[in-house]
Amino acid sequence: MSDTTGTTTVPEEGAPVCRRLVGRTAVITGGGSGIGLATARRFAAEGARVVVADIDRDSGRAAAEETGGLFVATDVTDPEQVEALFTAAHDTYGSVDIAFNNAGISPPDDDSILTTGLDAWRRVQEVNLTSVYLCCKAALPYMRRQGKGAIINTASFVAVMGAATSQISYTASKGGVLAMTRELGVQFAREGIRVNALCPGPVDTPLLRELFAKDPERAARRLVHIPLGRFAAAEEIAAAVAFLASDDAGFITAAEFLVDGGISGAYVTPL
């Protein structure tokens with residue numbers, strides 16, 4: 001996404017990528033688009049065997065074909081489908097080494113607490129928080145048997161900050177992801193399993209573009225708070241996920257890993 005303040009920059013096409021994930025099986029929910037798709041590409045480039053889960057069969061299948069991986073159509077709010085996803089990953093590739101629990105929604109009817117209805121609240125909680133609980137619950141037994149594994153749960157910078165332009169259920173769901181991740185990271189640390197929360201700032205994805213195209217003033221109001229002066233590229237977030245999944249992050253667990261362009265550290269942003 002380009003704007004008058006700055007432009008999104010991404011790694012050059014064909015730039016060398018580390019091969020830190022060779023032979024590892026990585027399950028990615030919401031892998032058909034946005035951060036999930038960028039991460040599927042990055043994981044594959046680093047040597048991982050990629051399992052793409054998405055409720056959208058067309059985009060999910062396309063992502064799996066592009067990365068030479070497996071596609072499993074999955075409603076992440078359905079416990080049986082989530083169990084089947086991780087079973088398919090293990091049965092196909094023999095291990096579950098990485099779980100990137102990334103699926104999420106941010107619907108327009110999730111707004112101020114004064115206007116957000118209970119149905120909208122519950123829908124966002126189910127997709128953004130309960131699904132992470134289900135995915136961790138399904139992945140952990142495989143990782144415990146292996147004696148190792150890396151779980152990365154997508155939270156958000158809003159989990160550590162407050163906003164006057166509220167999306168109340170989204171914010172609460174991401175705070176829940178962060179708290180749950182911290183607890184799991186502590187609980188399973190001595191079993192060789194690391195669990196971390198990725199906290200991205202605003203990312204240039206189709207979802208964000210659609211949201212802000214409808215309300216440019218809302219976009220401008222957010223952009224002014226980012227010290228780097230632009231939204232993140234999905235590839236930049238994927239690079240952070242790959243790091244957290246790799247042995248380079250071997251001493252990192254139960255952490256909130258902020259990739260937010262400096263938002264959470266800012267009081268006044270540069271002119």
Side-chain angles (χ1 to χ4, degrees), residues 25-37 39-40 43 50-57 59-60 63-64 69-93 95-107 110 118-146 149-156 159 169-188 191 193-200 241 244-245 253-254 256:
T25 303
V27 179
I28 304 170
T29 64
S33 63
I35 294 171
L37 175 57
T39 301
F43 278 1
V50 175
V51 180
V52 175
D54 207 291
I55 199 167
D56 185 320
R57 292 176 180 268
S59 64
L70 173 70
F71 170 62
V72 182
T74 310
D75 176 350
V76 291
T77 68
D78 185 318
E80 292 184 357
Q81 291 191 37
V82 171
E83 286 285 350
L85 164 65
F86 285 92
T87 298
H90 184 269
D91 288 352
T92 302
Y93 296 120
S95 65
V96 176
D97 304 291
I98 301 161
F100 180 35
N101 302 321
N102 169 70
I105 59 172
S106 180
D110 178 20
L118 190 57
D119 287 345
W121 167 272
R122 286 173 171 161
R123 187 169 71 255
V124 172
Q125 294 297 315
E126 281 291 299
V127 177
N128 290 8
L129 178 56
T130 302
S131 75
V132 175
Y133 155 81
L134 292 173
C135 288
C136 289
K137 190 178 181 69
L140 278 164
Y142 295 105
M143 295 180 176
R144 294 183 76 194
R145 285 198 294 271
Q146 295 164 185
I151 296 175
I152 303 99
N153 297 325
T154 299
S156 170
S169 190
Y170 181 89
T171 297
S173 72
K174 295 304 185 178
V177 169
L178 181 56
M180 177 168 57
T181 299
R182 187 182 296 118
E183 185 143 316
L184 295 177
V186 171
Q187 182 179 356
F188 295 100
E191 296 188 53
I193 301 166
R194 297 182 298 101
V195 190
N196 290 295
L198 177 76
C199 297
V241 182
L244 290 172
T253 196
E256 55 186 56

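Small disclaimer: the values here were computed from a predicted structure and weren't measured. Nothing fancy with the numbering, it's 1 onward along the sequence.
- Under the side-chain contact (heavy atoms from CB on, under 4.5 Å) test applied with I28, the options D54, V50, L37, I98 reduce to a single match, V50.
- Side-chain contact check for Y170 versus S156: some heavy-atom pair is nearer than 4.5 Å.
- In this structure, F100 and V27 have side chains that are not in contact, with every pair of non-hydrogen atoms separated by 4.5 Å or more.
- If you check the side chains of S169 and Q125, you find a donor sitting under 3.5 Å from an acceptor.
- Considering every non-hydrogen atom in both A89 and V96, the closest pair reads CB-CG2, 4.3 Å.
- When all heavy atoms are compared, the tightest approach of G32 to A63 is CA-CB, 4.2 Å.
- Between V195 and N153 there is a side-chain heavy-atom pair separated by less than 4.5 Å.
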Residue pair K174, T154: steps toward the side-chain contact (heavy atoms from CB on, under 4.5 Å) verdict: CA-CA 8 Å; K174 295 304 185 178; T154 299; 4.2 Å; yes
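- Residues A159 and L178 share a closest heavy-atom pair of CB-CD2, 3.9 Å.
- Between D110 and P107 the shortest side-chain heavy-atom distance falls below 4.5 Å.
- Considering only heavy atoms from C-beta on, E256 stays 4.5 Å or farther from L198 through its side chain.
- Judged as a side chain to side chain donor-acceptor pair (under 3.5 Å), and not counting sequence neighbours, the contacts of Y142 are T87.
- We find the OG1-CG distance between T92 and L70 to be 4.5 Å, quoted to the nearest 0.5 Å.
- Within the model, atoms CD of E191 and CG of L140 stand 8.5 Å from one another, a figure rounded to the nearest 0.5 Å.
- Once rounded to the nearest 0.5 Å, the distance linking CD1 of I55 with CD of Q81 reads 7.5 Å.
- Closest non-hydrogen pair, V124 versus S173, comes out as CG1-OG, 4.2 Å.
- Counting heavy-atom neighbours within 6.0 Å of D119 CG, excluding the residue itself, gives a total of 12 or less.
- In this structure, a donor-acceptor pair under 3.5 Å is absent between the side chains of S33 and S59.
- When the shell of 6.0 Å around CD of E183 is examined, it contains 12 or fewer heavy atoms from other residues, nucleotides or ligands.
- Proximity of S131 to E126: side-chain heavy atoms (C-beta onward) are nowhere separated by under 4.5 Å.
- The distance from the CG atom of D56 to the CZ atom of F71 is 7.5 Å, given to the nearest 0.5 Å.
- With no hydrogens or angles considered, no side-chain donor-acceptor pair links N101 and T29 at under 3.5 Å.
- Of the possible donor and acceptor atoms, one in the side chain of N128 sits under 3.5 Å from a partner among the backbone N and O of I105.
- Within a 6.0 Å sphere centred on CZ of R57, other residues, nucleotides and ligands contribute 12 heavy atoms or fewer.
- Atom CG in L244 sits 5.5 Å away from atom CG in N196 (nearest 0.5 Å).
- Here the CG atom belonging to L184 is positioned 10.5 Å from the NZ atom belonging to K137, to the nearest 0.5 angstrom.
- Looking at heavy atoms from C-beta onward, I35 lies in side-chain contact with T39 at the 4.5 angstrom threshold.
- Taking every heavy atom of both residues into account, V72 and A88 meet most closely at CG2-CB, 4.0 Å.
- Pairing each heavy atom of P141 with each of A138, the nearest pair is CD-O, 3.4 Å.
- In this structure, the side chains of I151 and R194 stay at 4.5 Å or more apart for every pair of heavy atoms.
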Candidate pair V51 and F86, rule side-chain contact (heavy atoms from CB on, under 4.5 Å), full reasoning: CA-CA 9 Å; V51 180; F86 285 92; over 6 Å; no
